[in-house]
Amino acid sequence: MSDPQPPVIALSAYEHNGKAFSLAPQYAAAVCRAGGLPIVFLPQCPEARIILSRCDALVLTGGGDISPDFYGAACDDSIHAVHPDRDAAEIALAQEAIARRIPMLGICRGLQIINVALGGDLLQDLPKSIGTRICHRNAEHNPIMHEVIVLPDTLLGGIVGRDTLEISSWHHQAIANMAPTLRINAIAEDGIIEAVDMPGNPDIFAVQWHPEHTAAGDPHQQALFNWLVQRATRRIARATAHGETKRPSGRKDARKAANAVAAKPAPREPAKSQ
(Lines give C-alpha, C1' and ligand atoms only; values in the text may rest on other atoms or scores of the structure.)
Protein backbone atom coordinates (compact mmCIF):
# COMPACT_ATOMS: atom_id res chain seq x y z
CA MET A 1 0.00 0.00 0.00
CA SER A 2 1.46 3.37 -1.00
CA ASP A 3 2.09 6.11 1.57
CA PRO A 4 -0.64 8.77 1.79
CA GLN A 5 0.13 11.81 -0.30
CA PRO A 6 0.53 15.18 1.41
CA PRO A 7 -2.23 17.77 1.06
CA VAL A 8 -1.55 20.25 -1.74
CA ILE A 9 -1.49 23.80 -0.38
CA ALA A 10 -1.77 26.62 -2.93
CA LEU A 11 0.11 29.87 -2.15
CA SER A 12 -0.74 33.06 -4.04
CA ALA A 13 2.29 34.88 -5.47
CA TYR A 14 2.61 38.63 -5.92
CA GLU A 15 4.30 41.17 -8.16
CA HIS A 16 7.67 42.42 -6.98
CA ASN A 17 8.75 45.92 -8.09
CA GLY A 18 6.98 45.48 -11.40
CA LYS A 19 9.75 43.15 -12.59
CA ALA A 20 8.90 39.67 -11.36
CA PHE A 21 6.40 37.56 -9.48
CA SER A 22 7.67 36.19 -6.22
CA LEU A 23 6.84 34.80 -2.81
CA ALA A 24 8.95 34.79 0.34
CA PRO A 25 10.28 31.25 0.91
CA GLN A 26 9.16 31.22 4.54
CA TYR A 27 5.56 30.57 3.44
CA ALA A 28 6.45 27.34 1.66
CA ALA A 29 8.87 26.28 4.39
CA ALA A 30 6.13 26.56 7.03
CA VAL A 31 3.74 24.51 4.87
CA CYS A 32 6.41 21.84 4.39
CA ARG A 33 7.07 21.61 8.14
CA ALA A 34 3.33 21.11 8.63
CA GLY A 35 3.38 18.16 6.21
CA GLY A 36 1.85 19.88 3.20
CA LEU A 37 3.03 20.17 -0.41
CA PRO A 38 3.23 23.89 -1.30
CA ILE A 39 2.59 25.08 -4.84
CA VAL A 40 2.79 28.71 -5.95
CA PHE A 41 0.37 30.26 -8.45
CA LEU A 42 -0.45 33.67 -9.90
CA PRO A 43 -3.97 34.62 -8.78
CA GLN A 44 -4.54 37.10 -11.60
CA CYS A 45 -4.29 34.48 -14.36
CA PRO A 46 -7.65 34.14 -16.12
CA GLU A 47 -7.83 30.45 -15.19
CA ALA A 48 -6.64 30.90 -11.60
CA ARG A 49 -9.88 29.51 -10.16
CA ILE A 50 -8.85 26.13 -11.55
CA ILE A 51 -6.35 26.00 -8.69
CA LEU A 52 -9.22 25.45 -6.25
CA SER A 53 -9.95 22.14 -7.99
CA ARG A 54 -6.28 21.16 -7.88
CA CYS A 55 -5.49 21.92 -4.25
CA ASP A 56 -6.63 20.93 -0.78
CA ALA A 57 -6.19 24.33 0.88
CA LEU A 58 -5.38 27.93 0.02
CA VAL A 59 -3.09 30.55 1.56
CA LEU A 60 -3.75 34.16 0.61
CA THR A 61 -0.38 35.81 1.22
CA GLY A 62 0.83 39.33 1.98
CA GLY A 63 1.58 42.12 -0.46
CA GLY A 64 0.52 45.63 -1.43
CA ASP A 65 -2.56 47.62 -0.52
CA ILE A 66 -6.02 46.68 -1.77
CA SER A 67 -7.66 49.23 -4.05
CA PRO A 68 -10.34 51.14 -2.08
CA ASP A 69 -12.58 50.73 -5.14
CA PHE A 70 -13.37 47.26 -3.85
CA TYR A 71 -14.87 48.55 -0.62
CA GLY A 72 -16.36 51.78 -1.91
CA ALA A 73 -13.95 54.31 -0.38
CA ALA A 74 -11.96 57.22 -1.72
CA CYS A 75 -8.24 56.57 -2.12
CA ASP A 76 -6.01 57.96 0.64
CA ASP A 77 -2.64 59.36 -0.43
CA SER A 78 -0.89 56.70 1.69
CA ILE A 79 -2.08 53.88 -0.59
CA HIS A 80 0.76 52.20 -2.48
CA ALA A 81 1.70 49.06 -4.42
CA VAL A 82 -1.88 48.62 -5.63
CA HIS A 83 -2.59 45.88 -8.20
CA PRO A 84 -6.34 45.87 -8.92
CA ASP A 85 -6.07 42.73 -11.06
CA ARG A 86 -4.65 40.80 -8.11
CA ASP A 87 -7.28 42.32 -5.81
CA ALA A 88 -10.15 41.25 -8.07
CA ALA A 89 -8.74 37.75 -8.53
CA GLU A 90 -8.07 37.10 -4.85
CA ILE A 91 -11.46 38.46 -3.78
CA ALA A 92 -13.09 36.03 -6.24
CA LEU A 93 -10.87 33.17 -5.02
CA ALA A 94 -11.73 33.91 -1.39
CA GLN A 95 -15.46 33.98 -2.14
CA GLU A 96 -15.29 30.71 -4.05
CA ALA A 97 -13.11 28.98 -1.43
CA ILE A 98 -15.62 29.96 1.25
CA ALA A 99 -18.55 28.75 -0.85
CA ARG A 100 -16.80 25.43 -1.57
CA ARG A 101 -15.56 25.07 2.02
CA ILE A 102 -11.93 24.83 0.96
CA PRO A 103 -9.63 25.45 3.95
CA MET A 104 -8.12 28.92 3.70
CA LEU A 105 -5.55 30.86 5.72
CA GLY A 106 -5.28 34.60 5.13
CA ILE A 107 -2.01 36.29 6.09
CA CYS A 108 -1.76 40.09 6.49
CA ARG A 109 -3.19 41.34 3.17
CA GLY A 110 -4.95 37.95 2.97
CA LEU A 111 -6.98 38.80 6.08
CA GLN A 112 -7.94 42.10 4.49
CA ILE A 113 -8.94 40.35 1.24
CA ILE A 114 -11.24 37.97 3.14
CA ASN A 115 -12.84 40.86 5.02
CA VAL A 116 -13.44 42.85 1.82
CA ALA A 117 -14.68 39.75 -0.03
CA LEU A 118 -17.35 39.33 2.65
CA GLY A 119 -18.43 42.98 2.65
CA GLY A 120 -16.12 44.63 5.16
CA ASP A 121 -13.82 47.62 4.66
CA LEU A 122 -10.40 48.85 5.77
CA LEU A 123 -8.55 51.56 7.64
CA GLN A 124 -6.29 52.85 4.88
CA ASP A 125 -3.47 54.15 7.08
CA LEU A 126 -3.15 53.26 10.76
CA PRO A 127 -1.02 56.24 11.88
CA LYS A 128 -3.65 58.61 10.46
CA SER A 129 -6.59 56.59 11.76
CA ILE A 130 -5.53 55.59 15.28
CA GLY A 131 -2.08 57.07 15.93
CA THR A 132 1.16 55.29 16.73
CA ARG A 133 0.78 54.00 20.29
CA ILE A 134 1.45 50.55 18.83
CA CYS A 135 3.85 50.44 15.90
CA HIS A 136 2.50 48.02 13.29
CA ARG A 137 5.11 48.90 10.66
CA ASN A 138 8.37 50.72 11.23
CA ALA A 139 10.12 53.23 8.98
CA GLU A 140 13.09 50.95 8.34
CA HIS A 141 10.95 48.56 6.26
CA ASN A 142 11.66 45.69 8.64
CA PRO A 143 8.99 43.70 10.48
CA ILE A 144 8.41 44.73 14.08
CA MET A 145 7.42 42.50 17.00
CA HIS A 146 4.50 43.33 19.27
CA GLU A 147 2.00 41.50 21.44
CA VAL A 148 -1.57 40.56 20.57
CA ILE A 149 -4.33 39.51 22.94
CA VAL A 150 -6.00 36.20 22.09
CA LEU A 151 -9.69 36.29 22.97
CA PRO A 152 -11.15 33.39 24.96
CA ASP A 153 -13.20 30.62 23.36
CA THR A 154 -11.90 31.33 19.86
CA LEU A 155 -10.38 29.21 17.11
CA LEU A 156 -7.01 30.93 17.60
CA GLY A 157 -7.08 30.19 21.32
CA GLY A 158 -7.67 26.54 20.55
CA ILE A 159 -4.83 26.44 18.03
CA VAL A 160 -2.13 28.13 20.13
CA GLY A 161 -3.32 27.44 23.69
CA ARG A 162 -2.33 30.92 24.89
CA ASP A 163 -4.00 34.21 25.76
CA THR A 164 -1.21 36.39 24.32
CA LEU A 165 1.19 36.01 21.41
CA GLU A 166 4.31 37.84 20.29
CA ILE A 167 3.89 38.42 16.56
CA SER A 168 5.82 39.78 13.59
CA SER A 169 4.00 42.80 12.15
CA TRP A 170 4.41 44.58 8.81
CA HIS A 171 1.26 46.49 7.77
CA HIS A 172 -0.21 49.98 7.74
CA GLN A 173 -3.82 48.97 7.00
CA ALA A 174 -6.31 46.90 8.97
CA ILE A 175 -9.98 46.02 9.31
CA ALA A 176 -12.24 49.03 9.91
CA ASN A 177 -15.76 47.59 9.66
CA MET A 178 -15.56 43.83 9.95
CA ALA A 179 -17.68 41.67 7.67
CA PRO A 180 -20.73 40.44 9.63
CA THR A 181 -19.94 36.76 9.08
CA LEU A 182 -16.49 37.06 10.69
CA ARG A 183 -15.57 36.89 14.37
CA ILE A 184 -12.67 38.56 16.15
CA ASN A 185 -10.07 36.14 17.57
CA ALA A 186 -7.31 38.55 18.61
CA ILE A 187 -6.67 42.26 19.00
CA ALA A 188 -3.66 44.50 19.56
CA GLU A 189 -3.53 46.75 22.61
CA ASP A 190 -4.66 49.69 20.44
CA GLY A 191 -7.80 47.80 19.43
CA ILE A 192 -6.71 46.76 15.92
CA ILE A 193 -8.26 43.46 14.85
CA GLU A 194 -5.39 40.98 14.52
CA ALA A 195 -7.13 37.66 13.79
CA VAL A 196 -10.55 36.50 12.60
CA ASP A 197 -12.41 33.30 11.91
CA MET A 198 -15.78 32.47 10.42
CA PRO A 199 -18.08 30.69 12.89
CA GLY A 200 -20.27 29.40 10.07
CA ASN A 201 -17.27 27.84 8.32
CA PRO A 202 -14.55 26.21 10.48
CA ASP A 203 -12.14 26.06 7.53
CA ILE A 204 -11.58 29.83 7.33
CA PHE A 205 -9.01 31.65 9.45
CA ALA A 206 -6.87 34.77 8.98
CA VAL A 207 -4.28 36.82 10.85
CA GLN A 208 -3.09 40.39 10.32
CA TRP A 209 0.51 39.52 11.14
CA HIS A 210 3.14 37.37 9.38
CA PRO A 211 3.42 33.99 11.13
CA GLU A 212 5.77 32.70 8.44
CA HIS A 213 8.45 35.15 9.63
CA THR A 214 8.95 33.39 12.95
CA ALA A 215 7.32 29.96 12.49
CA ALA A 216 10.66 28.15 12.19
CA GLY A 217 11.49 29.05 15.79
CA ASP A 218 8.07 29.67 17.32
CA PRO A 219 5.77 26.64 17.58
CA HIS A 220 2.75 28.87 18.20
CA GLN A 221 3.20 30.52 14.80
CA GLN A 222 3.93 27.19 13.12
CA ALA A 223 0.71 25.89 14.65
CA LEU A 224 -1.30 28.10 12.25
CA PHE A 225 0.15 26.26 9.26
CA ASN A 226 -0.27 22.92 11.05
CA TRP A 227 -3.96 23.78 11.51
CA LEU A 228 -4.38 24.50 7.78
CA VAL A 229 -2.74 21.25 6.70
CA GLN A 230 -4.83 19.32 9.23
CA ARG A 231 -8.02 20.87 7.85
CA ALA A 232 -6.90 19.99 4.32
CA THR A 233 -6.20 16.40 5.40
CA ARG A 234 -9.68 16.13 6.90
CA ARG A 235 -11.18 17.45 3.68
CA ILE A 236 -9.35 14.77 1.69
CA ALA A 237 -10.62 12.11 4.09
CA ARG A 238 -14.21 13.32 3.74
CA ALA A 239 -13.97 13.35 -0.05
CA THR A 240 -12.44 9.86 -0.08
CA ALA A 241 -15.15 8.52 2.19
CA HIS A 242 -17.79 9.85 -0.20
CA GLY A 243 -16.01 8.56 -3.29
CA GLU A 244 -15.31 12.03 -4.65
CA THR A 245 -12.46 12.99 -6.97
CA LYS A 246 -11.35 16.37 -5.72
CA ARG A 247 -8.09 16.91 -7.52
CA PRO A 248 -5.72 15.04 -9.85
CA SER A 249 -4.19 12.05 -8.09
CA GLY A 250 -0.48 12.03 -7.51
CA ARG A 251 2.01 14.70 -6.50
CA LYS A 252 3.26 15.02 -10.06
CA ASP A 253 -0.24 15.75 -11.39
CA ALA A 254 -0.83 18.40 -8.75
CA ARG A 255 2.43 20.12 -9.56
CA LYS A 256 1.73 19.91 -13.29
CA ALA A 257 -1.72 21.45 -12.86
CA ALA A 258 -0.40 24.33 -10.77
CA ASN A 259 2.47 25.03 -13.15
CA ALA A 260 0.05 25.15 -16.08
CA VAL A 261 -1.99 27.84 -14.34
CA ALA A 262 1.06 29.83 -13.25
CA ALA A 263 2.68 29.76 -16.69
CA LYS A 264 -0.03 31.78 -18.45
CA PRO A 265 0.41 35.59 -18.45
CA ALA A 266 -2.34 37.66 -16.84
CA PRO A 267 -3.88 40.51 -18.87
CA ARG A 268 -4.07 43.72 -16.87
CA GLU A 269 -7.60 45.08 -16.88
CA PRO A 270 -9.16 47.83 -14.76
CA ALA A 271 -10.91 46.35 -11.74
CA LYS A 272 -14.61 47.03 -11.37
CA SER A 273 -15.77 48.84 -8.27
CA GLN A 274 -17.79 46.85 -5.80
Side-chain angles (χ1 to χ4, degrees), residues 8-32 36-52 54-55 57-71 75 78-97 102 104-117 122 124-125 136-137 141-143 168-175 205-215 224-225 228 255 258-271:
V8 175
I9 312 299
L11 306 169
S12 60
Y14 51 87
E15 189 172 329
H16 181 66
N17 295 331
K19 297 179 180 179
F21 287 95
S22 64
L23 186 68
Q26 292 97 328
Y27 289 102
V31 168
C32 288
L37 172 64
I39 57 173
V40 178
F41 74 102
L42 306 184
Q44 51 268 70
C45 289
E47 296 87 355
R49 288 190 186 186
I50 294 173
I51 202 70
L52 295 180
R54 301 290 196 266
C55 73
L58 174 66
V59 178
L60 293 177
T61 64
D65 294 343
I66 299 167
S67 171
D69 288 346
F70 290 101
Y71 49 93
C75 186
S78 65
I79 295 288
H80 71 284
V82 175
H83 297 285
D85 51 352
R86 182 188 179 190
D87 298 342
E90 288 192 332
I91 287 169
L93 282 169
Q95 291 168 338
E96 187 164 345
I102 295 170
M104 177 167 57
L105 174 62
I107 293 178
C108 196
R109 168 193 158 91
L111 173 144
Q112 298 167 14
I113 283 285
I114 292 170
N115 185 55
V116 170
L122 304 177
Q124 294 188 39
D125 189 62
H136 293 271
R137 185 177 73 175
H141 301 285
N142 292 317
S168 178
S169 180
W170 175 241
H171 66 102
H172 79 112
Q173 299 192 319
I175 291 176
F205 185 66
V207 296
Q208 184 58 78
W209 67 87
H210 282 273
E212 77 283 2
H213 286 172
T214 56
L224 304 181
F225 296 93
L228 182 69
R255 284 176 172 160
N259 289 339
V261 172
K264 296 188 178 182
R268 298 186 65 86
E269 298 177 355

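Along the sequence shown, residues are numbered consecutively beginning with 1. Every value quoted in this text rests on a predicted model; they were computed, and no experiment measured them.
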Completion exercise
All heavy atoms of S78 vs all of H172, minimum pair found to be O-CE1, 3.6 Å
Completion exercise
Tightest non-hydrogen contact, residues G63 and R86, listed as CA-NH1, 3.7 Å
Side-chain heavy atoms of [X] within contact of [Y], under 4.5 Å:
{"X": "P25", "Y": "E212", "answer": "no"}
{"X": "I39", "Y": "L11", "answer": "no"}
{"X": "W209", "Y": "L224", "answer": "yes"}
{"X": "L105", "Y": "I107", "answer": "yes"}
{"X": "F21", "Y": "Q44", "answer": "yes"}
{"X": "I91", "Y": "V116", "answer": "yes"}

Problem - side chain to side chain donor-acceptor pair (under 3.5 Å) against Q173, all qualifying residues, sequence neighbours excluded - result: none
Practice task
For Y27 and G62, indicate whether the former's side chain and the latter's backbone hold a donor-acceptor pair under 3.5 Å.
Solution key: yes
Handout entry: Any donor-acceptor N/O pair, D65 side chain to A81 backbone, under 3.5 Å
Key = no
Practice task
Would you sort out whether S168 and T214 count as a side-chain hydrogen bond (donor to acceptor under 3.5 Å, both in side chains), showing the intermediate values?
Solution key: CA-CA 7 Å; S168 178; T214 56; 5.9 Å; no
Practice task
Please identify each residue that fulfils salt bridge (charged side-chain N to carboxylate O under 4.0 Å, His left out) with R109, with sequence neighbours left out.
Solution key: D87, E90
